[in-house]
Amino acid sequence: MTTGSLLVADLVIAVLASAGWLGAGAASAVRRRPLALALAAGALLATLARAITITALARAGWWFAAEKILIAGPLSLAAVGVAGPRLLRVPVDIRAVAVPLLFAGYATSGALLVTILHGYPASAGAGLLAVAGVVTATVISARALGARPSRTASRVALGVAVGALVTGTGLTVAPGVAPAVPHDHGFPATRIADEPTRRFTLTAGTATVDAGGRDVDAWAFNGQVPGPELTATVGDVLEVTLRNRDIGRGVTLHWHGYDVPNDQDGVPGVTQAAVRPGQEFVYRFRADQAGTYWYHTHSASDVGVRMGLYGVLVVRPGPVTGLDVTVPVHTLAGRPLPAPRVERVEAGVPVRLRLINTDSTTHRYALAGTAFRVAAIDGVDLRGPTPLVDTAVLIPAGGRYDLVFDAPATPVALFVDGRAVYSTGPASTAAGAWPVLDPLGYGATAPAPWSRFDKTFTLVLDRGLDLRTFLPRYAHTVNGAADPDIPPQVVRLGDVVRFTIVNRSQIVHPWHLHGHHVLVLARDGKPATGGPLWLDSFDVRPGEVWEVAFPADNPGMWANHCHNLAHADAGMTLHLMYS
Ligand SMILES: [Cu+2]
């Protein structure tokens, strides 16, 4: 069983236990004896079963089980300890056990709420708030049912509740420890001398564009979605003038995966101000990384990219040989892009398909009709990629794969989620049942370039209630906090930095660090054995633990966030900062 399915199983069992105890309490209050006993027996079993799931989660990593061991464990023990003995000697009037059964229900529900609303890390505040809630609800229920707890019991219970509430609230709403992100980082502007310059102008504006045969409203660069394809040769200087005609939310250009100098990175509020309607901004940087990249707005990025403010950036090492095709996949107004394209290719011609996922969720790509190699991932060539046949690849949000092959005499077809997007003739059948490539074991291995790490950071990805905003929100959190309250990770130029990224939520988080590629060291404790994987976008699936590292060689203040851009907007953004 994977850690991801264990997390789901544990959640389901916890819900069943809570519902069982509460149901049993309610049934006994209205003297439905058989129903009450059946529900209570089920709840007891579920509560005991959690010991198994919680132990298994703790073995997968403390991050997955912390609050379950520290808070759910004691509350569940209290539930069984109070309700269990009374069930063994059931009184004639079942109503007499209603309060202990309800107590068990409140205790298990309280623990469940701690997991759902607070998550990781477990805090004394969350535990005390749960205890306060359980005691208060039990006292109110006892009163309502006409039970007469002794005066001392009532006073003790009230004392515990008030004390827990005061301490818990105090601890929970303590002011954030994150320093504000400075807007002016003081790094010098880029100066570039007289290299050959490739100049482009991108004008952002509202537009009506064709999406799979239907006109839809979009935000577009130069009136088209995707925006113009920007190409350069290694050594060129790229000079891109960004103009904003009428995008009220502002626009910037972020060069996804391109490790530009910090002041060219296009993150509003961090490296520049957003470009407002009528304004412009000129980006200038040297194209010294070959490979497949893309650009997109980072201002209101969730809606901006979704509406169409993105395009392809390809930097080639030299003149094109053979056929070089870019396939940026996007969902615009619910319609899949690009439109299917058929192109006749002579047998023997070398083909490179540059697959780009510009959506916020993973896509599955399958190339049918030929053996192929994955030559590069996220713009970086792999070492010793071997031929693959009938194998699919999963590309995370923001990620890129370059597939290469020599055109066979028979047709070749590329499918995205079962839809043919590119083919060299009549498309063959879709490839739904193919195995998926695990890039961590693909290509020729190489030793890690470092044996020591100067800084190590752990990012635990989860969901939780964020009370620090004007309106409370159910945020996507990192280490229990949401943007802008997540402390930045501070490194020094020259450090070798290691990240451990843990996903204890129920959804995939495609992780994206700006300004750097990271080398994958291991996933779930299993070392990466393939051609060194230098990524800028990687899916951390529920229950997964990724170990990655990189040299701190690009000074500045860098966004470090989930590239499901809705998650990034809902709190899952932090910053890497050079001291
Ligand atoms: Cu995410």
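Everything numeric in this text was worked out from a predicted model, so none of it was measured. Each ligand, and each atom within it, is numbered from 1 in the order the structure gives. Heavy-atom basis, side chains included; hydrogens, waters and symmetry copies ignored.
Under the 30°/60° scheme for interplanar angles, the aromatic rings of His256 and His254 are found to stand perpendicular. His363 and Tyr365 have perpendicular rings, their planes meeting at more than 60° on a 0 to 90° scale where under 30° would count as parallel.
Taking a 6.0 Å sphere around CZ of Arg473, one finds it holds more than 12 heavy atoms contributed by other residues, nucleotides or ligands.
Residues Asp302 and Arg306 are paired through a salt bridge, judged by an N-O separation under 4.0 Å between the basic side chain and the carboxylate. Using a 4.0 Å cut-off between a side-chain N of Lys or Arg and a carboxylate O of Asp or Glu, Arg498 and Asp454 do not qualify as a salt bridge.
Take a cut-off of 2.8 Å around the Cu ion (ligand 1): the protein N, O or S atoms inside it are His509 ND1, Cys562 SG, His567 ND1.
Applying the ring-ring contact (aromatic ring centres under 6.0 Å, His included) rule to Phe372 yields no partners; only residues at least two apart in sequence or on another chain are considered.
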